[in-house]
Amino acid sequence: MRYLIGIDIGTSATKTVLFDERCHVVTSASQEYPLYQPQNGWAEQEPLDWYNAVLVTIRKVVKDSGVAPEDIKGIGLSGQMHGLVMLDEKNEVIRPSIIWCDQRTGKECEEITERVGRKRLIEITANPALTGFTASKILWVRNHEAENYRRCRHILLPKDYIRFRMTGEYATEVSDASGMQLLDIPHRCWSDEVLEKLEIDKALLPKVYESPEVTGTISKEFSEKTGLSVDTVVVGGAGDNAAAAVGTGIVFDGRAFTTIGTSGVVFAHTSEPRIDPQGRVHTFCCAVPGCWHVMGVTQAAGLSLRWFRDNLAEAYKDKAVRLGCDSYDLINQDVEKVPIGSRRLIYLPYLMGERTPHLNPNCRGVFFGLSAIHTKADMLRAVMEGVSYSLLDCFDILREMKVNVKEMMACGGGGKSRVWRQMLADMYGCEVKTIKAQEGPALGVAILAGVGAGIFPDVQTACKEFIEQDTWCQPDAAAHAYYEKGHALYQKLYQKLKDFQFSNYPFHIRRRR
């Protein structure tokens, strides 16, 4: 029997999963690490924390499985995107990694837009300048930490730092590199034009591969530390969402997935590089060679429900402790009893501003239509419907771009809710399904490793064979018609309210004594 390893280097933890050649889980291990916030709006992590977590989890799965190292044929890496790792001439980390959720680079985004031009930037990189992307982080270090920038010899993304420690190779792949804002997305290579205009030396960047391509083999040093064989190949892998797409079978035109985690994502596969000229959604190269994906992001998806539960419906948590169940299961039971439309109550889920379609960090959450008839259950359903309307905003932009979706998968914590999946099916007007596998990104990159190791002929064939569907929700025509009208009102509310902001007002006023 041959085996594959998928490693997902996330923001809160690294998870390593050992699969057999039929993509069945043999064993897994995970290890958490901290996130540092030295100033308000900053977010950093230590690359050595990721590396140590990878060492610990690999050792554990190899030991616990009893699998012979020579039978582990390939490793795939998935990781949090956009993080900046800088190495000096001795390959030592220069400073902590500035990660994806860091917001310090607003002025650098303005600089990028000025240097490249907004229209041209979107044409090449498929996205406007965003604080989360890597290019603005590079400019921030150059502008604020000149000595660190002067010492820099290599720039890597989080998972690609782990690759370097595994293989000694400076390499990345197209899906993760797409989030750096330095890649020519249509042509799947570094953009000489962007690099020249931003005055970033191309020699600092790693070689770009396709996701299933072999980028190297396990080094002798890493083999001694983990027990892995030096013959085990390491493939390009993928950024977290692109890896999740492979792990859920979203590798054909017409297929998409909706993730409801803290944030929400609508992600669709496309065999053509479709780019929104307004920059409302992201277009990246995907993990299938020669293909792309388009994705919209809702900032506060599951976060909205958790915020309401923790602040206005804490009784659900107390009851769940007494009954020994999940508080969200109790919420779902009550929400199912509320009619669609939440008795004419609408929620705008902008607790953290919004990304798609508004790119507005200053918009805020709203309950509209509250009256004395409304209960907590009504408000909870309104929250779920409001998040779903926001995801429908993303979905509608994909359709506007002629990315036609016939089959939608649901994943993430919210995707486990049958009532939430039914809302999505009713709003989208298409089936919403789940799959049996729960390993997501780790499974996705293990499949990529299987292709690179010659176990599978290609990504699509492997997904057809090993990704099994589990449940599905059919759209209801009457509910779809109702939600079409509700969505129009939802969108109108944002337009009417967007110019009213509290940003110029203090949080409180001191009383005179």
Side-chain angles (χ1 to χ4, degrees), residues 7 9 47 50-51 54 74-94 97 124-126 133-135 137-138 149 151-196 198-222 230-240 242-243 246 273 284-292 445 448-449 451-454 459:
I7 303 175
I9 300 107
W50 307 328
Y51 175 65
V54 168
I75 295 176
L77 298 170
S78 165
Q80 53 169 294
M81 297 179 67
H82 315 303
L84 172 64
V85 181
M86 306 177 80
L87 304 182
D88 64 15
E89 60 185 7
K90 296 181 180 179
N91 291 318
E92 294 179 353
V93 175
I94 293 171
S97 173
I124 298 172
T125 72
F133 287 7
T134 319
K137 297 176 173 68
I138 296 170
Y149 189 79
R151 291 172 56 203
C152 182
R153 295 295 178 271
H154 300 282
I155 290 172
L156 297 173
L157 293 162
K159 80 174 193 320
D160 300 324
Y161 171 70
I162 299 303
R163 180 198 321 281
F164 169 71
R165 297 298 302 266
M166 282 183 161
T167 67
E169 301 290 339
Y170 306 106
T172 189
E173 46 70 45
V174 291
S175 73
D176 213 357
S178 295
M180 293 185 76
Q181 202 139 50
L182 301 174
L183 196 78
D184 182 329
I185 299 297
H187 296 99
R188 308 170 82 86
C189 62
W190 296 124
S191 169
D192 291 329
E193 179 180 341
V194 172
L195 290 169
E196 181 180 344
L198 298 184
E199 299 181 77
I200 295 173
D201 186 354
K202 190 176 181 179
L204 297 174
L205 302 178
K207 182 178 178 180
V208 182
Y209 290 81
E210 290 291 337
S211 297
E213 284 189 287
V214 174
T215 61
T217 56
I218 296 299
S219 68
K220 182 180 179 183
E221 179 186 357
F222 197 77
V230 294
D231 295 324
T232 299
V233 301
V234 179
V235 300
D240 48 10
V246 176
F284 291 159
C285 302
C286 78
V288 179
C291 295
W292 291 260
V445 292
L448 296 174
V451 175
V459 178

* Can Phe222 and Thr232 be said to form a side chain to side chain contact (heavy atoms under 4.5 Å, CB included), step by step? -> CA-CA 11 Å; Phe222 197 77; Thr232 299; over 6 Å; no

Non-hydrogen side-chain atoms of [X] and [Y] separated by less than 4.5 Å:
{"X": "Val451", "Y": "Leu448", "result": "no"}
{"X": "Trp190", "Y": "Leu182", "result": "yes"}
{"X": "Val174", "Y": "Glu210", "result": "yes"}
{"X": "Ile9", "Y": "Tyr161", "result": "no"}
{"X": "Leu157", "Y": "Met180", "result": "yes"}
{"X": "Asp231", "Y": "Thr217", "result": "no"}
{"X": "Tyr149", "Y": "Leu204", "result": "yes"}
{"X": "Phe133", "Y": "Ser178", "result": "no"}

* Asked: Asp192: what forms a salt bridge (Lys or Arg N to Asp or Glu O under 4.0 Å) with it, not counting sequence neighbours?
  ->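 Testing Asp192 for salt bridge (Lys or Arg N to Asp or Glu O under 4.0 Å), a comparison that skips the adjacent residues, returns Lys202.
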
For a quick test of reading the model, state the closest non-hydrogen atom pair linking [X] to [Y] and the distance between them.
{"X": "Val459", "Y": "Ala287", "result": "CG2-O, 4.4 Å"}
{"X": "Thr215", "Y": "Ala171", "result": "CB-CB, 4.1 Å"}
{"X": "Met166", "Y": "Val234", "result": "SD-CG2, 4.3 Å"}
{"X": "Ala243", "Y": "Val445", "result": "CB-CG1, 3.8 Å"}

* To do: Return the set of residues passing ring-ring contact (aromatic ring centres under 6.0 Å, His included) with Phe164 (not counting sequence neighbours), or none when no residue passes.
  =>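 With neighbours one apart ignored, the set is Tyr170.
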
Under the rule for side chain to side chain donor-acceptor pair (under 3.5 Å), what residues qualify as partners of [X], not counting sequence neighbours?
{"X": "Thr172", "value": "Asp160"}
{"X": "Arg153", "value": "none"}
{"X": "Ser175", "value": "Glu173"}

Closer than 3.5 angstrom, by distance alone: can the side chain of [X] be matched with the main-chain N or O of [Y] as a donor-acceptor pair?
{"X": "Trp292", "Y": "Ile185", "value": "yes"}
{"X": "Arg151", "Y": "Glu89", "value": "no"}
{"X": "Ser191", "Y": "Leu183", "value": "no"}

Straight-line distance of [X] [atom1] to [Y] [atom2], nearest 0.5 Å:
{"X": "Ile94", "Y": "Asn91", "atom1": "CD1", "atom2": "CG", "answer": "10.0 Å"}
{"X": "Ile162", "Y": "Leu156", "atom1": "CD1", "atom2": "CG", "answer": "10.5 Å"}
{"X": "Gln181", "Y": "Lys137", "atom1": "CD", "atom2": "NZ", "answer": "10.0 Å"}

* To do: Report, as yes or no, whether the 6.0 Å neighbourhood of atom CD on Glu196 holds more than 12 heavy atoms from other residues, nucleotides or ligands.
  =>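 Counting other residues, nucleotides and ligands, CD of Glu196 stays at 12 neighbours or fewer.
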
Which atom pairs, one a donor and one an acceptor, fall under 3.5 Å between side chains of residues 75-87 and the rest of the protein, sequence neighbours left out?
| from | atom 1 | to | atom 2 | distance (Å) |
| --- | --- | --- | --- | --- |
| Ser78 | OG | Asp8 | OD1 | 3.1 |
| Gln80 | NE2 | Gly10 | O | 3.2 |
| Gln80 | NE2 | Gln45 | OE1 | 2.9 |
| His82 | ND1 | Gly179 | O | 2.8 |

* To do: Before accepting this row, confirm whether a basic side-chain N of the pair Lys207/Glu169 lies closer than 4.0 Å to the acidic partner's carboxylate O.
  =>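 So Lys207 does not pair with Glu169 through a salt bridge.
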
